[in-house]
**Student:** 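Let me give you the structure first, and then I'll get to my questions.
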Protein chains: 2
Amino acid sequence: MPNDSSEFVQALREAGLKVTQQRVALLATLMESTDHPNAEEIFVRVRALDDSVSLATVYRTLSTLEEAGLVQRLTFENEPARFEITPASQHDHLVDVDSGEVIELPSEELNRIRQDLADRLGYEIVSLHSFIRARKKPTVS
Amino acid sequence: MPNDSSEFVQALREAGLKVTQQRVALLATLMESTDHPNAEEIFVRVRALDDSVSLATVYRTLSTLEEAGLVQRLTFENEPARFEITPASQHDHLVDVDSGEVIELPSEELNRIRQDLADRLGYEIVSLHSFIRARKKPTVS
DNA sequence: ATTCGTGCAAAGCCTTTGCAGCACA
DNA sequence: TGTGCTGCAAAGGCTTTGCACGAAT
């Protein structure tokens with residue numbers, strides 16, 4: 001039985017989901033990840049904590065947690081989806097087209113403007129998926 | 001041989017690509033499309049103009065044109081990629097989560113802020129991929 | 001004549017799913 | 001005990017690719 005005092009356990013309970021060791025392991029893995037891993041990478045990392053987890057469960061759990069709002073799916077171009085724990089405030093992502101590195105771009109200003117635009121059209125925002133593909137500029141001498 | 005005076009022909013030539021009837025038909029199709037069709041939908045529409053075009057060619061041509069900068073690929077969640085003629089100025093996309101409809105959100109302000117953010121990090125923007133999943137608000141009485 | 005593009009069919013990659021067994025509530 | 005979750009393996013959807021032929025330069 002997983003550690004009941006964990007913050008993940010509470011989050012799962014609140015979402016009305018059963019607390020399984022696989023889900024706790026996955027949430028723990030994602031919480032510790034500072035990058036934005038894809039399902040395969042998460043699979044490898046989770047197995048370090050619990051080697052009974054299958055790839056199918058990783059996919060299923062990620063979808064479940066996404067639906068519950070605990071996890072966010074990042075859909076970039078020409079690559080498998082990446083995932084992150086749902087951040088406190090939405091942010092854009094800058095993707096280095098050469099290295100594949102992802103940099104988070106927190107900006108209240110961007111969020112505010114998008115909010116306004118959606119408002120004006122009579123929409124409420126469900127989620128944001130913004131990535132800017134960019135290349136490092138040669139450093140100016 | 002396709003109509004040499006067409007704007008598409010010129011664009012293809014400038015990109016150093018051979019001018020084939022398939023490519024011209026695809027560009028014409030995309031230019032006439034006001035929505036954001038996926039490869040399958042483009043395939044159907046292109047065949048109305050030239051029924052020799054194969055789905056493989058649609059995919060290959062879209063990738064080629066994307067690389068040449070003539071076409072932009074829109075990568076939304078849980079659905080096949082959509083495409084549009086590269087717009088004069090970049091814009092965000094609002095996706096109605098219920099109907100699937102895509103609304104373009106032109107905003108110079110958003111572009112400027114993103115430009116600034118990238119600049120400050122020493123990056124130059126290659127392309128922008130921003131979609132906001134949103135739901136229509138109930139109309140207030 | 002050469003090079004590049006195309007159609008076809010097969011393969012590939014990422015992701016989902018059916019089913020029987022197991023774990024959590 | 002009952003419901004939901006899991007592992008396994010198979011299937012699925014979208015996209016890419018090898019090959020031989022055909023079209024553009």
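First the proteins, then the strands, lettered A, B, ... as listed; each starts at 1.
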**Student:** Which nucleotide in the set D:dA24, D:dG7, C:dG7 lies at the smallest distance from any side-chain heavy atom of A:Val53?
**Tutor:**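 Nearest to the side chain of A:Val53 among the choices is D:dG7.
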**Student:** Quick one: is A:Gln22 getting a side-chain N or O under 4.0 Å of the C:dC24 phosphate, OP1 or OP2?
**Tutor:**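 For C:dC24, neither OP1 nor OP2 has a side-chain N or O of A:Gln22 closer than 4.0 Å.
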**Student:** How bent is the helix from C:dA1-D:dT25 to C:dA25-D:dT1, comparing axes over its five end pairs at each side, to the nearest 10°?
**Tutor:**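 That helix has its two terminal axes inclined by roughly 40°.
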**Student:** Does some side-chain heavy atom of B:Glu40 sit less than 4.5 Å from a side-chain heavy atom of B:Leu55?
**Tutor:**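 SC-SC contact between B:Leu55 and B:Glu40 confirmed.
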**Student:** Taking distance alone, no hydrogens or angles, what donor-acceptor pairs closer than 3.5 Å link side-chain atoms of residues 22-31 of chain A to residues at least two apart or in another chain?
**Tutor:**
residue : atom : partner : partner atom : Å
A:Arg23 : NH1  : A:Lys18 : O            : 3.0
A:Thr29 : OG1  : A:Ala25 : O            : 2.8

**Student:** Between A:Thr61 and A:Thr64, does any side-chain donor sit less than 3.5 Å from a side-chain acceptor?
**Tutor:**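 No, A:Thr64 and A:Thr61 have no side-chain donor paired with an acceptor closer than 3.5 Å.
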**Student:** Hey, does the side chain of B:Arg47 reach the backbone of B:Val53 with a donor-acceptor pair shorter than 3.5 angstrom?
**Tutor:**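 Present.
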**Student:** Atom NZ of A:Lys18 to atom P of C:dC24: distance rounded to whole Å?
**Tutor:**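 Answer to the nearest Å: 9 Å.
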**Student:** I need the full list of salt bridge (Lys or Arg N to Asp or Glu O under 4.0 Å) pairs touching residues 95-104 of chain A, with sequence neighbours left out, sorted by first then second residue.
**Tutor:**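 Checked against salt bridge (Lys or Arg N to Asp or Glu O under 4.0 Å) - neighbours excluded - the pairs reaching residues 95-104 of chain A are A:Asp98-A:Arg135.
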**Student:** When you compare the side chains of A:Ser89 and A:His91, does any donor N or O come within less than 3.5 Å of an acceptor on the partner?
**Tutor:**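 Not at all, the side chains of A:Ser89 and A:His91 share no donor-acceptor pair under 3.5 Å.
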**Student:** Give a yes or no on whether the ring-centroid distance for B:His93 and B:His36 is below 6.0 angstrom.
**Tutor:**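 For B:His93 and B:His36, the ring centres are under 6.0 Å apart.
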**Student:** Applying side-chain contact (heavy atoms from CB on, under 4.5 Å), run through B:Asp92 and B:Leu128 and close with a yes or a no.
**Tutor:** CA-CA 8 Å; B:Asp92 296 51; B:Leu128 165 70; 4.1 Å; yes
**Student:** Tell me: CG of B:Leu55 to P of C:dT6, nearest whole Å?
**Tutor:**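 Going from B:Leu55 (CG) to C:dT6 (P), I get 13 Å.
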**Student:** Please list, by residue number, the residues of residues 36-51 of chain B whose heavy atoms come closer than 4.0 Å to an atom of DNA chain C; answer none if no residue qualifies.
**Tutor:**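 Going residue by residue through residues 36-51 of chain B, none turns out to have a heavy atom under 4.0 Å of DNA chain C.
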**Student:** Would the number of heavy atoms belonging to other residues, nucleotides or ligands and lying under 6.0 Å from CD of A:Glu79 be above 12?
**Tutor:**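 Check passes, neighbour count above 12.
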**Student:** Working to the nearest 0.5 Å, report the span between CG of B:Leu74 and CD of B:Gln72.
**Tutor:**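 Going from CG on B:Leu74 over to CD on B:Gln72, the span is 6.5 Å.
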**Student:** Nearest to the side chain of A:Val19, heavy atoms from C-beta on, is which of D:dC5, C:dA25, D:dA23?
**Tutor:**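 The answer is C:dA25, which lies nearest to the side chain.
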**Student:** In Å, rounded to the nearest 0.5 Å, how long is the span from CZ of B:Arg73 to CG of B:Asn38?
**Tutor:**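 Rounded to the nearest 0.5 Å, the CZ-CG separation comes to 11.5 Å.
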**Student:** Okay, side chain of A:Thr75, backbone of B:Phe76: is any donor-acceptor separation there less than 3.5 Å?
**Tutor:**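 No, the answer is negative, given that no donor and acceptor are paired below the 3.5 Å cut-off.
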**Student:** Can you tell me the distance, in whole Å, between the CD atom of A:Gln21 and the P atom of C:dC24?
**Tutor:**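 Checked: the CD to P distance equals 6 Å.
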**Student:** Near DNA chain C, which residues from residues 71-83 of chain A have a heavy atom under 4.0 Å away?
**Tutor:**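 Of all residues in residues 71-83 of chain A, the ones placing a heavy atom under 4.0 Å from DNA chain C are A:Pro80, A:Ala81.
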**Student:** Using a cut-off of strictly less than 4.0 Å between a heavy atom of the residue and any atom of DNA chain C, enumerate the qualifying residues of residues 56-70 of chain B by number.
**Tutor:**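 Heavy-atom cutoff 4.0 Å gives B:Ala56, B:Thr57, B:Arg60, B:Thr61.
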**Student:** Ignoring backbone atoms, test whether B:Arg23 places a side-chain nitrogen or oxygen under 4.0 Å from the OP1 or OP2 oxygen of C:dT6.
**Tutor:**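 Checking C:dT6 against B:Arg23, a side-chain N or O does come within under 4.0 Å of OP1 or OP2.
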**Student:** When you group the ILVMFWY residues by side-chain heavy-atom contacts below 4.5 Å and let the links chain together, are B:Val71 and B:Phe131 in the same group?
**Tutor:**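 The answer is no; the residues belong to distinct hydrophobic clusters.
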